[in-house]
Amino acid sequence: MPISEPGTTPQSRIPLVTLKDIHPFHGGQSLYLWEDGLFVCQVVKYDRDRQMFIERRFQKTITQKAMKGLSDLLDKHNFFDIVTEQRAGIPEETRPAITVTMTSGKTKTVAKWANEKHPDFDAIYVALRKLITDAEKADPVFDGPYDPKWKPPRMNDE
């Protein structure tokens, strides 16, 4: 199923894309990307000196051209048709999850075990990780103890 919905513009087709990829023992990252190009990401790492998980949050805006590129990528890799293997995880294996919410309200979450190869999921995952990597080049908007319940304030408004 294509991401495009009849009568929508590229800016309004995908109100929200999220990536959740934080392992309780190893850290990771999460990303919240809205249709206007604003995104917030959370990068979690273990700080050996403080003996605790710390997080850094970054906020950035991408262009509408980049948003269209992401929409095209979701179309090209048939996000709404992706099916991944359902199995028990291997100890310490991560399981990233990508959620896409459409203007129609349709939402799909796809999760994949890290050791599983899935070209369509992997291409989308790599693109979202690149946004996080690029954002990490800037100063964080927060740097402190990890809060596993944290969500961007904008999520509380929706």
Side-chain angles (χ1 to χ4, degrees), residues 1-45 53 55 57-136 146-158:
M1 165 189 228
I3 296 297
S4 308
E5 292 180 310
T8 63
T9 65
Q11 295 83 4
S12 64
R13 293 187 290 203
I14 307 170
L16 180 64
V17 176
T18 63
L19 168 65
K20 305 273 179 92
D21 186 18
I22 299 176
H23 188 279
F25 300 130
H26 302 290
Q29 57 276 318
S30 64
L31 171 85
Y32 301 82
L33 171 63
W34 290 273
E35 65 187 318
D36 61 4
L38 174 70
F39 73 90
V40 178
C41 55
Q42 177 185 37
V43 179
V44 179
K45 296 180 180 173
F53 280 98
E55 68 176 271
R57 298 178 199 149
F58 302 89
Q59 183 172 311
K60 192 173 177 182
T61 301
I62 61 173
T63 66
Q64 287 303 310
K65 181 178 178 182
M67 283 298 294
K68 179 165 182 345
L70 177 61
S71 177
D72 291 347
L73 184 72
L74 292 167
D75 274 343
K76 177 181 176 184
H77 293 282
N78 302 305
F79 179 80
F80 279 94
D81 294 330
I82 293 175
V83 176
T84 58
E85 184 180 348
Q86 300 299 311
R87 64 169 172 82
I90 297 168
E92 300 195 27
E93 182 180 24
T94 61
R95 190 163 195 249
I98 299 170
T99 301
V100 174
T101 302
M102 304 294 293
T103 53
S104 65
K106 179 177 182 167
T107 298
K108 180 169 182 176
T109 298
V110 179
K112 180 190 77 75
W113 291 107
N115 293 331
E116 175 187 348
K117 302 296 182 219
H118 193 293
D120 292 317
F121 182 97
D122 294 342
I124 297 163
Y125 177 80
V126 166
L128 296 175
R129 281 285 298 128
K130 183 171 182 345
L131 291 176
I132 295 169
T133 301
D134 290 348
E136 285 183 281
Y146 171 49
D147 177 359
K149 295 181 182 176
W150 176 82
K151 289 193 305 188
R154 195 168 181 178
M155 291 296 292
N156 297 326
D157 297 340
E158 298 176 351

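Side-chain contact between Met155 and Leu16: present, with at least one pair of heavy atoms (C-beta onward) separated by less than 4.5 Å. At least one side-chain heavy atom of Asp147 sits under 4.5 Å from a side-chain heavy atom of Arg57. Residues Leu128 and Asp21 fail the side-chain proximity criterion, which asks for heavy atoms closer than 4.5 Å. Between Gln64 and Met67, some side-chain heavy-atom pair lies under the 4.5 Å cut-off. Looking at heavy atoms from C-beta onward, Thr109 lies out of side-chain contact with Lys20 at the 4.5 angstrom threshold.
With rounding to the nearest 0.5 Å, the separation of CD1 in Ile124 from CG in Leu74 is 5.0 Å. Atoms OG1 and CG, from Thr99 and Leu19 in turn, are 9.0 Å apart once rounded to the nearest 0.5 Å. For the atom pair Glu93 CD and Asn115 CG, the distance stands at 4.0 Å (nearest 0.5 Å). If you take CG on Leu131 and CD on Gln29, they are separated by 11.5 Å, rounding to the nearest 0.5 Å. Of the inter-residue distances, the one linking Ile14 atom CD1 with Glu35 atom CD reads 9.5 Å to the nearest 0.5 angstrom. Between Lys68 atom NZ and Asp75 atom CG the span is 8.0 Å, to the nearest 0.5 Å.
Listed by chain and residue number, nothing satisfies the salt bridge (Lys or Arg N to Asp or Glu O under 4.0 Å) test with Glu92 (two or more places apart in sequence, or in another chain). In this structure, the side chain to side chain contact (heavy atoms under 4.5 Å, CB included) partners of Gln59, at least two apart in sequence or on a different chain, are Leu38, Val40, Val141.
Pairing each heavy atom of Ser30 with each of Ile132, the nearest pair is O-CD1, 4.1 Å. Contact record, Asp36 with Arg154: OD2-NH2, 2.8 Å, taken as the closest heavy-atom pair. When all heavy atoms of Met102 and Pro15 are compared, the pair lying nearest together is C-CD, 3.5 Å. Of all the heavy atoms in Phe39 and Ala135, the pair that sits closest is CE1-CB, 3.8 Å. Pairing each heavy atom of Phe79 with each of Ile98, the nearest pair is CZ-O, 3.5 Å. A pairwise comparison of heavy atoms in Phe121 and Val110 identifies CE1-O, 3.3 Å as the closest pair.
Checked for salt-bridge contact, Asp134 and Lys130 meet the test: a charged N lies under 4.0 Å from a carboxylate O.
Under the side-chain hydrogen bond (donor to acceptor under 3.5 Å, both in side chains) test applied with Lys112, the options Thr84, Asp122, Asp120 reduce to a single match, Asp122.
Cation-pi geometry between Lys106 and Phe80 is satisfied (NZ or CZ under 6.0 Å from the ring centre, within 45° of the ring normal).
Atom NZ of Lys108 is surrounded by more than 12 heavy atoms from other residues, nucleotides or ligands within 6.0 Å.
A tilted orientation is assigned to the rings of His23 and His26, their planes being inclined by 30° to 60°.
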